[in-house]
Structures are given as structure tokens and as C-alpha cells.
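Notes for the one structure printed next.
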Amino acid sequence: MQQRLNILVFAFFVAVLISGACMFVVDQTQQAIVLRFGNPVKVHTAPGLKIKMPWPIESVVYFDNRILDVDPDAESVNLASDERAAMLQASTTHKTQAAQAARNRSGSIPIIVDTFARYRIVDPLLFLQRMGTELNARSRIESVMNAATRDVLARATLTNLLSSERSKLMNQIRDRVNSEMKDRGVAIVDIRIVRADLTEQLRDSTVSRMITERREEATEARAQGQEKAQEIRSTAEKERTIILAEANRKAEAMRGAGDKEALQIITAAANQDPDFFAFLKTMFAYKNTLASPDTTLVLSPNSAFLRYLKTQKAPGQ
């Protein structure tokens with residue numbers, strides 16, 4: 001009886017070991033491939049409890065099904081100068097020898113670029129066959145991404161990289177890497193340029209050039225302002241001269257009309273009573289000449305100017 005019980009216990013443990021060797025769990029963040037003597041026989045992409053033959057007949061390889069990252073080191077990349085970018089466009093459009101020669105003579109701008117990528121294993125079987133491990137995949141993606149980044153940015157300018165066209169450049173890099181990695185079971189989800197800095201030497205020269213350009217712009221702005229101010233002053237002076245001339249003309253016309261009217265009035269008054277008019281004129285003359293105590297006149301007593309100052313004798317005296 002005891003021997004039979006021992007056999008049952010032993011059989012139970014053997015069954016547990018065999019069942020444990022034949023079962024495995026695929027987590028929801030994983031995808032698995034069953035290998036039979038090293039050859040893939042089945043791919044499991046859905047999570048849950050799975051069954052396989054015990055080791056060493058079959059084994060399991062797991063891969064992550066989440067989005068993974070690749071963050072290579074920052075590297076130096078040559079951007080196209082504005083002249084080079086124009087020549088590249090010309091050579092692409094016209095394919096002329098002159099454009100090609102000009103493109104070869106054009107300069108480039110070295111910058112430090114830091115990029116990162118996000119990828120996902122979309123075909124674990126192909127990934128296992130072509131890449132083997134995630135470490136190999138990361139190394140391969142870095143290599144392809146660096147090459148694509150250099151090629152795409154070699155045709156872009158610094159203005160393109162710092163403007164809204166930056167997203168287009170990153171999409172071009174992503175498409176290039178996807179094209180290279182699609183037959184390796186990998187899909188590139190996104191590629192971003194984290195940082196794009198000028199080299200120290202180029203940064204100093206760029207700052208100096210920007211200072212010079214701003215000074216030139218300020219000088220030109222001041223010159224334009226002075227020219228505009230001189231133009232405004234000249235226009236104002238011209239308008240002032242015209243206004244004064246017109247006012248003087250009107251004043252002279254009004255003065256002439258007043259003098260004419262005054263002469264007409266005086267003439268009419270003189271014609272009505274010449275003696276009274278002569279008396280009135282003489283009174284005004286007395287007022288203008290004798291009103292000041294400092295005035296001294298040396299005249300003959302018989303002067304006509306003094307005729308109204310002489311004492312008139314009353315009749316009968």
C-alpha cells in the first residue's frame with residue numbers, strides 16, 4: 001500500500017513537471033515565437049496561456065510588442081547653405097553641367113544634431129530571422145537613421161530646420177528609415193530632432209554676422225528716416241512759403257481795396273464841403289504834430305499851417 005502511494009506521488013510530481021514544461025504564458029506586453037530545435041514553428045501575438053512541447057524539443061523566444069525607443073548619440077551633420085540649396089534645386093530641375101558644377105562649389109553649414117526614434121516590432125518572425133535581438137535592431141536602426149539624417153539634412157538649410165518645414169524633414173527621415181527596415185519586421189513610428197546646435201566656431205561667426213547685419217539694417221533705417229524727415233521738412237517749408245505768399249497777396253489786395261474805398265470816401269467828403277474838409281485835415285495835423293510836448297516848430301506867423309490858431313476878431317471890434 002505504501003509503495004503504491006509513493007508511486008502515485010511520484011507520478012503526480014512528474015505530471016506537474018511535464019505540464020509545467022509544456023505550458024508558458026504570453027504577457028499582454030509580449031509576443032512569442034515557439035522554436036522546435038531552433039526553427040520557428042508558431043507565432044503567438046495574443047496574450048494568454050499557451051502550450052508547447054517540453055524542452056529541449058521546443059523553446060520560446062519573447063519580443064516586446066510595445067513602442068520601443070532608439071536614442072543615438074548627437075552627431076555632426078552638414079546642412080546646405082542657401083546658395084547650395086538653390087543649386088541643388090537647379091540641378092534637380094535642369095540637370096545641367098553648370099548647375100552641377102555650381103552645386104559642387106557651394107558651401108555647407110556644420111551643425112550638431114541630436115535625434116531619437118520610436119519603433120515597434122510588427123512581424124516577430126521576420127524580426128527574429130533578420131535581426132535576432134532587440135540590441136541588434138537598435139544598432140541597425142541607429143545606423144540607418146544616421147545615414148538618412150545626413151542625406152536629408154544635406155539638402156536642407158538652417159532656415160528650413162528652424163521653421164515649420166522641420167516636421168517635413170523629420171517625416172522624410174522617418175520614411176527613409178521605414179523603407180530600409182520594412183523587410184526586417186520593424187515599423188518606425190516616429191523620428192524627432194531633439195536638438196540642433198551650431199558648432200562653436202560657426203556659432204561665433206554667425207553671431208558676428210547677425211550683429212553686422214543688424215547694424216547695417218539700423219544704419220539703413222536711420223538713413224531712410226533722415227531722408228523722410230528732410231522730405232517732410234522740405235514739403236512743410238514749401239507749403240509755408242505758399243501759404244505766406246497767398247496771405248500776403250490777399251492782404252495787399254484787401255489793403256489796396258481799403259485804400260481805394262478810403263480815397264473815394266475822402267474825395268466825396270471833400271467835394272461836399274471843401275472848407276470843412278480843410279479844417280478837419282488841419283486839426284488832424286495839429287494833433288499829430290503838437291500832441292507831444294517834445295515837438296518844436298519854427299514857423300512864420302503868417303504860415304498857412306497856423307491860420308486856424310490865430311485869434312479871430314468879432315464883428316464890430
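Keep in mind it's a predicted model, so treat the numbers as computed, not measured.
The two residues Arg130 and Asp183 make their nearest non-hydrogen contact at NH1-O, 3.2 Å. Taking all atoms of both residues into account, the shortest heavy-atom contact from Pro72 to Thr115 is CD-O, 3.4 Å. Closest heavy-atom contact between Ala74 and Ile112: CB-CG2, 4.0 Å. In terms of heavy atoms, Ile188 sits closest to Asn178 at N-OD1, 2.7 Å. Across Phe127 and Thr133, no two heavy atoms sit closer than the pair CZ-O, 3.6 Å. Across every non-hydrogen atom of Met131 and Arg184, the tightest pair is SD-CD, 3.4 Å.
Put simply, the side chain of Arg222 reaches to within 4.5 Å of the side chain of Thr219, judged on heavy atoms. Using a 4.5 Å heavy-atom cutoff, the side chains of Glu220 and Gln224 are in contact. Using a 4.5 Å cut-off on side-chain heavy atoms (C-beta onward), Asp71 and Asp114 make contact. With contacts defined as side-chain heavy-atom distances shorter than 4.5 Å, the pair Leu128/Phe63 qualifies. With a 4.5 Å cut-off on side-chain heavy atoms, Lys52 and Lys42 do not count as touching. Taking the side chain as every heavy atom from C-beta outward, Ile57 and Phe37 approach each other to under 4.5 Å. Counting only heavy atoms from C-beta outward, the side chains of Met170 and Arg174 never approach each other to under 4.5 Å. Using a 4.5 Å cut-off on side-chain heavy atoms (C-beta onward), Val41 and Leu35 make no contact.
Judged by distance alone, the side chain of Asp27 and the main-chain N or O of Pro47 form no donor-acceptor pair under 3.5 Å. Of the possible donor and acceptor atoms, one in the side chain of Thr235 sits under 3.5 Å from a partner among the backbone N and O of Glu231. No donor-acceptor pair closer than 3.5 Å links the side chain of Ser179 to the backbone N or O of Asp175.
Here CZ of Arg233 is found 8.5 Å from CD of Gln226. Values are rounded to the nearest 0.5 Å. Leu68 contributes atom CG, which lies 8.5 Å from atom CD1 of Ile141 (distance to the nearest 0.5 angstrom). With rounding to the nearest 0.5 angstrom, the OG atom of Ser167 is 11.0 Å from the CD atom of Gln172. Summarising the geometry, atom CD1 belonging to Ile121 is positioned 8.5 Å from atom CG belonging to Asn65; distances are rounded to the nearest 0.5 Å. Taken from CD in Glu58 to CD1 in Ile51, the straight-line distance is 11.0 Å, to the nearest 0.5 Å. One distance of note links CG of Leu169 with CD1 of Ile193; it measures 6.5 Å at 0.5 Å rounding.
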- Message: Pair Arg240, Glu237 - check salt bridge (Lys or Arg N to Asp or Glu O under 4.0 Å), show working.
- Response: CA-CA 5 Å; Arg240 173 180 173 275; Glu237 185 65 24; 3.3 Å; yes
Output, in order, the C-alpha distance, side-chain angles, deciding distance and verdict of side chain to side chain contact (heavy atoms under 4.5 Å, CB included) for Asp69 and Phe116. CA-CA 7 Å; Asp69 65 284; Phe116 75 89; 5.9 Å; no
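Heavy-atom neighbours of Arg195 CZ from other residues, nucleotides or ligands within 6.0 Å: above the threshold of 12. By the neighbour-count criterion of 12 heavy atoms within 6.0 Å, atom CD of Glu217 is densely surrounded, having more than that number from other residues, nucleotides or ligands. Applying the 6.0 Å contact sphere to CG of Asn248 captures more than 12 heavy atoms from other residues, nucleotides or ligands. Residue Gln264 places its CD atom among more than 12 non-hydrogen atoms of other residues, nucleotides or ligands, all under 6.0 Å distant.
Side chain to side chain, Asn146 and Thr149 fail the donor-acceptor criterion of an N or O pair below 3.5 Å.
Taken together through direct or relayed side-chain contacts under 4.5 Å among Ile, Leu, Val, Met, Phe, Trp and Tyr, Val186 and Leu125 form part of one hydrophobic cluster. Linking ILVMFWY side-chain heavy atoms closer than 4.5 Å, directly or via other members, places Val61 and Val43 in a single hydrophobic cluster.
By the 4.0 Å N-to-carboxylate-O rule, Glu142 lies too far from Arg138 to be salt-bridged with it. Salt-bridge annotation for Glu246 and Arg249: present, with a side-chain N of the basic residue lying under 4.0 Å from a carboxylate O of the acidic one.
Put simply, the residue from Gln30, Gln31, Lys50 that forms a side-chain contact (heavy atoms from CB on, under 4.5 Å) with His44 is Lys50.
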